[in-house]
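FYI, the numbering just counts along the sequence from 1.
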Amino acid sequence: MAEPGAGRPVTVSDVQQLVRRKDEIEAQIKACYELLEGQKGVGMHEPLVDAEGFPRSDIDLYQVRTARHNIICLQNDHKAVMKQVEEALHKLHAREKEKHAKDEAEALAEAMSQKQSLPQAFAKVNSVSPGSPASVSGLQVDDEIVEFGSVNANNFQNLQNIATVVQHSEGRPLSVTVIRGGRRVHVGLTPKRWAGKGLLG
């Protein structure tokens, strides 16, 4: 029998097929041994001639010879199939390991490229008052601000820059970009008067 999957990657079903073949061979070997057992218990090595050197008349010599021959052939087949099973499993495991390593490397590369492509943050949100415009917009504590309207890391000098943008944008939505959990998140923030202090909270 040709090894399944020659020239293509070994699959789990290839291994299952080989294992089924192995089971079939084992069943055939067992049947041959049972046949020998049925012939006065002659095994693989008992003599087939009597004390005078004549063929034994108490057993079916043809059946015994055929069974013995079949057992030898089947045992060779069994050895070959076991070798194929072992090789197939080895290939399967090697491929799984390779795939796992590749997946990990890809995930790492993706994480690295995401890190590299994240813009520079210039401020961090340390508190958000409940019910405030900032809270309503979805801004969260620990968000790192990378863009606040026209302010970004390149032109930011101090918090006064943000205050200026807020005053000029009262009642108008501002585009705010933050980094949250390693990802870039856009927040639409509209500075306006509310029950608390300032226009943002």
Heavy-atom pair with the smallest gap, counting every atom of Ser137 and Gly188: CB-O, 3.2 Å
Applying side chain to side chain contact (heavy atoms under 4.5 Å, CB included) to Asp103 and not counting sequence neighbours gives Lys99, Glu106
Taking side chain to side chain contact (heavy atoms under 4.5 Å, CB included) as the definition, give me every residue that meets it alongside Gln120, ordered by chain and number, with sequence neighbours left out. Ala153
Would you list the pairs meeting side chain to side chain donor-acceptor pair (under 3.5 Å) in which at least one residue belongs to residues 35-53, sequence neighbours left out? Gln39-Gln63
For Gln75, side chain to side chain contact (heavy atoms under 4.5 Å, CB included) partners two or more places apart: Ile29, Tyr33, Ile71
Under the salt bridge (charged side-chain N to carboxylate O under 4.0 Å, His left out) test, which residues partner Lys30, sequence neighbours left out? Glu34
Under the criterion side chain to side chain contact (heavy atoms under 4.5 Å, CB included), which of Lys102, Glu96, Glu104, Lys97 is the partner of His100? Glu104
Report yes if the side chains of Ile72 and Met44 come closer than 4.5 Å at any heavy-atom pair, otherwise no. yes
Under 4.0 Å between a side-chain nitrogen and a carboxylate oxygen: does that hold for Lys91 and Glu87? no
Side-chain contact test, heavy atoms from C-beta onward, threshold under 4.5 Å: evaluate it for Leu92 versus Arg95 and give yes or no. yes
For Asp142 versus Lys124, what's the shortest heavy-atom pair and its separation? OD1-CE, 3.5 Å
For a 4.5 angstrom cut-off between non-hydrogen side-chain atoms, does Leu48 reach Arg68? yes
Can you sort out the partners of Thr11 under side chain to side chain contact (heavy atoms under 4.5 Å, CB included), two or more places apart, ordered by chain and number? Arg8, Ser13, Asp14
Using the test side chain to side chain donor-acceptor pair (under 3.5 Å), find all partners of Lys79 that sit at least two apart in sequence or belong to another chain. none
Can you see which heavy atom on Val128 is nearest to which on Ala134, and at what distance? CG1-C, 4.1 Å
Less than 4.5 Å apart, any side-chain heavy atom of Val165 and any of Asn161? no
Which atom of Thr190 lies closest to which atom of Pro133, heavy atoms considered: O-CB, 3.6 Å
Across all chains, not counting sequence neighbours, the salt bridge (charged side-chain N to carboxylate O under 4.0 Å, His left out) partners of Glu26 are Lys22
Could you check if a side-chain atom of Cys32 sits within less than 4.5 angstrom of a side-chain atom of Leu74, using non-hydrogen atoms only? yes
Could you pull out all residues at least two apart from Arg65 that satisfy salt bridge (charged side-chain N to carboxylate O under 4.0 Å, His left out)? none
Tell me every residue that passes salt bridge (charged side-chain N to carboxylate O under 4.0 Å, His left out) with Arg56, counting only those two or more places apart in sequence or in another chain. Asp58
Please list every donor-acceptor pair under 3.5 Å in which a side-chain atom of residues 144-151 meets a protein atom from a residue at least two apart or in another chain.
from	atom 1	to	atom 2	distance (Å)
Glu147	OE1	Thr177	OG1	3.2

